[in-house]
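Below is one structure; the comments refer to it alone.
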Amino acid sequence: KSTIESLLRDKGVNFCEEIWDNSDCTVFVNWIVLRAENGINFFFAKDKLFKMYVEHPYEGELPNGIKVGMNMDDAIKIDKQLSFDDWEEEWISPNGYWIEDSIDNNTVLNISVFIPELLDDELFDKYNW
């Protein structure tokens, strides 16, 4: 976590820290979230990064070209493995990311990039990643 904080400070990016009470989870570990002004959010548990979540105004893109604000149909053409999960109400890629889309204008609202263990509660809750 301190490495990310140092990097944000060095780049002059303002950020805040939030502590999320995770007491309703199987294994109680507070999550610490660093929210940067540029639309990047970093999620930590036990001082380990497990997810990055990007939203507007973030202007970067995934290595495959998918980015916040693009048309969802174009994102599906880029990553043909994207499938909609009715339970999560998000598009999920086996390539390690999720996309939430806007039903109002069919665009990518946000992207979550995460460690593989996040998909398996038993592995994730051991915090050995």
- [ ] Take I19 and W31 through the test side-chain contact (heavy atoms from CB on, under 4.5 Å) and record every step on the way to the result.
- [x] CA-CA 6 Å; I19 297 176; W31 290 0; over 6 Å; no
Task: Check against side-chain contact (heavy atoms from CB on, under 4.5 Å), I99 and M72 - done: CA-CA 9 Å; I99 295 175; M72 194 60 215; 3.8 Å; yes
Open item on the list: Test side-chain contact (heavy atoms from CB on, under 4.5 Å) on K67 and L62; report intermediate values, then the result.
Closed with: CA-CA 6 Å; K67 60 186 177 179; L62 294 173; over 6 Å; no
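- The CD1 atom of I92 sits 7.5 Å away from the CG atom of L119 when rounded to the nearest 0.5 Å.
- Cluster membership for I115 and I32, using ILVMFWY side-chain heavy atoms within less than 4.5 angstrom, is not shared.
- Counting only distance, with no hydrogens or angles, the side chain of N41 and the backbone of Y53 share a donor-acceptor pair below 3.5 Å.
- Residues forming a ring pair (Phe, Tyr, Trp, His ring centres under 6.0 Å) with W20 (at least two apart in sequence, or on another chain): F43.
- The shortest heavy-atom contact between I66 and M70 is CA-SD, 3.4 Å.
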Task: Derivation of the side-chain contact (heavy atoms from CB on, under 4.5 Å) call for I111 and W98 - done: CA-CA 6 Å; I111 303 168; W98 296 323; over 6 Å; no
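- Residue pairs that meet the salt bridge (Lys or Arg N to Asp or Glu O under 4.0 Å) test with at least one member in residues 1-15, sequence neighbours left out, are K1-E5, K1-E17.
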Task: CA sep, side-chain torsions, deciding dist, call: N110, Y58, side-chain hydrogen bond (donor to acceptor under 3.5 Å, both in side chains) - done: CA-CA 9 Å; N110 56 61; Y58 181 73; over 6 Å; no
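- If you chain together hydrophobic residues whose side chains sit under 4.5 Å apart, V33 and L8 never meet in one group.
- Note: Y127 OH to F50 CZ = 7.0 Å, rounded to the nearest 0.5 Å.
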Open item on the list: Does R35 form a salt bridge (charged side-chain N to carboxylate O under 4.0 Å, His left out) with E18? I'd like the steps, not just the answer.
Closed with: CA-CA 8 Å; R35 292 188 174 276; E18 297 177 0; 2.9 Å; yes
Task: Worked check of side-chain hydrogen bond (donor to acceptor under 3.5 Å, both in side chains) between D79 and S93 - done: CA-CA 8 Å; D79 185 348; S93 173; 2.7 Å; yes
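- Annotation: the span from N95 atom CG to Y97 atom OH amounts to 5.5 Å, rounded to 0.5 Å.
- Taking the six-membered ring wherever Trp is involved, the centroid distance between the rings of F124 and W129 falls below 6.0 Å.
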